[in-house]
2 protein chains.
Amino acid sequence: MAEDTPAQTHTDRRKNETRLWLGILDVHSFIYPELNKRLKELTAISVSKFDVLAQLNRYPEGLSMGDLSARLKVSNGNVSGLVNRLRKDGLVDKTMSTDDRRSFVAVLTPAGQQRFAEAARVHTEVLGKCLSHLDTQTLEDTTAMLKSIVNMPDNKVPSQDE
Amino acid sequence: MAEDTPAQTHTDRRKNETRLWLGILDVHSFIYPELNKRLKELTAISVSKFDVLAQLNRYPEGLSMGDLSARLKVSNGNVSGLVNRLRKDGLVDKTMSTDDRRSFVAVLTPAGQQRFAEAARVHTEVLGKCLSHLDTQTLEDTTAMLKSIVNMPDNKVPSQDE
DNA sequence: TTGACTTATTTTATATATAAATCTATTTAT
DNA sequence: ATAAATAGATTTATATATAAAATAAGTCAA
């Protein structure tokens with residue numbers, strides 16, 4: 001499968017690593033602004049808010065601020081602000097935990113569930129348009145390779161998902 | 001090379017597109033925070049500032065605010081703020097353009113050149129560590145695939161670089 | 001039980017980012 | 001030559017993000 005390539009110098013290796021990172025940034029800035037723009041236009045929520053709603057949608061019983069923060073990989077302070085704004089939007093409820101009075105649990109309101117469903121449709125459509133030129137094989141191969149970047153063999157990966 | 005795969009449903013296609021995007025986000029949040037943290041610790045500049053310095057480093061004669069904004073793909077207002085903060089840091093100079101009095105040209109100071117050189121070393125090192133587990137082939141293949149995502153065939157890509 | 005940690009969250013200060021309004025200078029049409 | 005339109009940059013208002021400090025509630029050892 002893989003053809004033989006001459007051994008790379010340290011410098012070449014470093015250049016290739018940089019190229020990979022620039023590639024990630026290019027794809028990110030190719031898709032993210034479009035996603036953000038269309039979500040805001042059509043559903044009045046940002047990608048950040050969408051991400052919060054998506055997590056809460058997966059957990060109908062709700063998630064604590066800390067769990068949200070860990071799942072979204074953003075700071076506690078950031079989650080505080082996002083959830084407050086979503087509360088103002090009427091999309092999320094926040095209630096004190098019954099077993100720990102320090103803890104607060106965020107849950108989607110019915111309006112939040114509905115808005116998330118609309119936003120998810122838009123999200124899917126935008127990705128479809130941005131990636132429409134990719135054939136199935138490239139789509140799957142790229143995804144697999146990206147996975148192999150994050151799922152390091154031995155290192156101290158902080159554990160994904162649940 | 002590519003094996004035959006059964007035709008995908010529309011829904012499967014959409015799921016795979018989403019998986020690709022989530023993969024991009026995972027890699028981004030795997031590398032970006034580490035890059036930002038280490039750059040700040042060791043050279044006292046953020047990734048955003050690094051990006052500005054990197055562009056100015058490529059153009060010793062300097063770049064206008066608008067050119068910087070286009071190259072970095074960020075808003076004019078953002079560039080205004082970044083360049084002002086870099087000026088306070090003593091890393092960038094801003095002078096009025098000689099041929100257009102509306103235009104301002106940003107240039108690296110000697111301190112800026114030196115700081116960029118240090119930061120570039122850190123940047124390279126961090127990427128080296130984050131990507132050390134990838135073999136040469138995966139590194140190059142992934143980069144090529146990422147390129148094929150952004151370089152669309154017919155569409156209205158706003159033109160990259162020069 | 002009290003005091004010392006630890007944990008969950010918010011607040012504060014600051015940086016980064018956008019969009020829209022504004023300001024000033026240049027260009028274009030008449 | 002002047003008025004209208006355009007272009008380059010900044011300012012303003014707001015959202016998003018972090019780190020560090022503060023607040024408040026829980027845990028645990030003595």
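A note on names: the letters A, B, ... follow the listed sequences, proteins ahead of strands, and every chain is numbered from 1.
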Within the 4.0 Å heavy-atom criterion, would you say B:Lys37 contacts the bases, only the backbone, or no part of the nucleic acid?
nothing

Which salt bridge (charged side-chain N to carboxylate O under 4.0 Å, His left out) pairs, counting each pair once, include a residue from residues 30-44 of chain B, with sequence neighbours left out?
B:Glu34-B:Lys37

Step by step, work out the salt bridge (charged side-chain N to carboxylate O under 4.0 Å, His left out) result for A:Glu118 and A:Arg121.
CA-CA 5 Å; A:Glu118 295 163 26; A:Arg121 273 195 297 278; 5.5 Å; no

Under 4.0 angstrom, heavy atoms only, what part of the nucleic acid is B:Ser69 near: base, sugar-phosphate, or nothing?
nothing

Return the 5'-most residue of the pair A:Val74, B:Val105 with respect to DNA chain D, ranking by each residue's nearest nucleotide.
B:Val105

Can you figure out which of C:dT9, D:dT10, D:dA17 approaches the side chain of B:Ser80 most closely?
D:dT10

The residue, A:Leu82 or B:Val79, whose nearest nucleotide of DNA chain D is more 5′ is B:Val79

Assign A:Gly66 to base, sugar-phosphate, or nothing according to its heavy-atom contacts below 4.0 angstrom with the strands shown.
sugar-phosphate

Between N or O atoms, less than 3.5 Å apart, protein on one side and nucleotides 21-23 of chain D on the other: list the pairs.
none

Send over the distance from A:Lys40 NZ to D:dA15 C1', rounded to a whole Å.
7 Å

What's B:Ser103 touching, base or sugar-phosphate or nothing? Going by heavy atoms closer than 4.0 Å.
sugar-phosphate

How would you label the contact of A:Ser64 with the nucleic acid (heavy atoms, under 4.0 Å): base, sugar-phosphate, or nothing?
sugar-phosphate

Those residues at least two apart in sequence (or on a different chain) that pass side chain to side chain donor-acceptor pair (under 3.5 Å) with B:Arg102 are B:Asp100

Between which residue ranges does DNA chain D form stems of three or more consecutive Watson-Crick or G-U wobble pairs, both distances under 3.5 Å?
C:1-30 with D:1-30

Partners of B:Phe104 by ring pair (Phe, Tyr, Trp, His ring centres under 6.0 Å), sequence neighbours excluded?
none

Please write out the pairs of protein N or O atoms and N or O atoms of nucleotides 23-28 of chain C separated by less than 3.5 Å, giving the distance to one decimal.
unit_1	atom_1	unit_2	atom_2	d
C:dT26	OP1	B:Arg101	N	3.1
C:dT26	OP2	B:Arg101	NH2	3.2

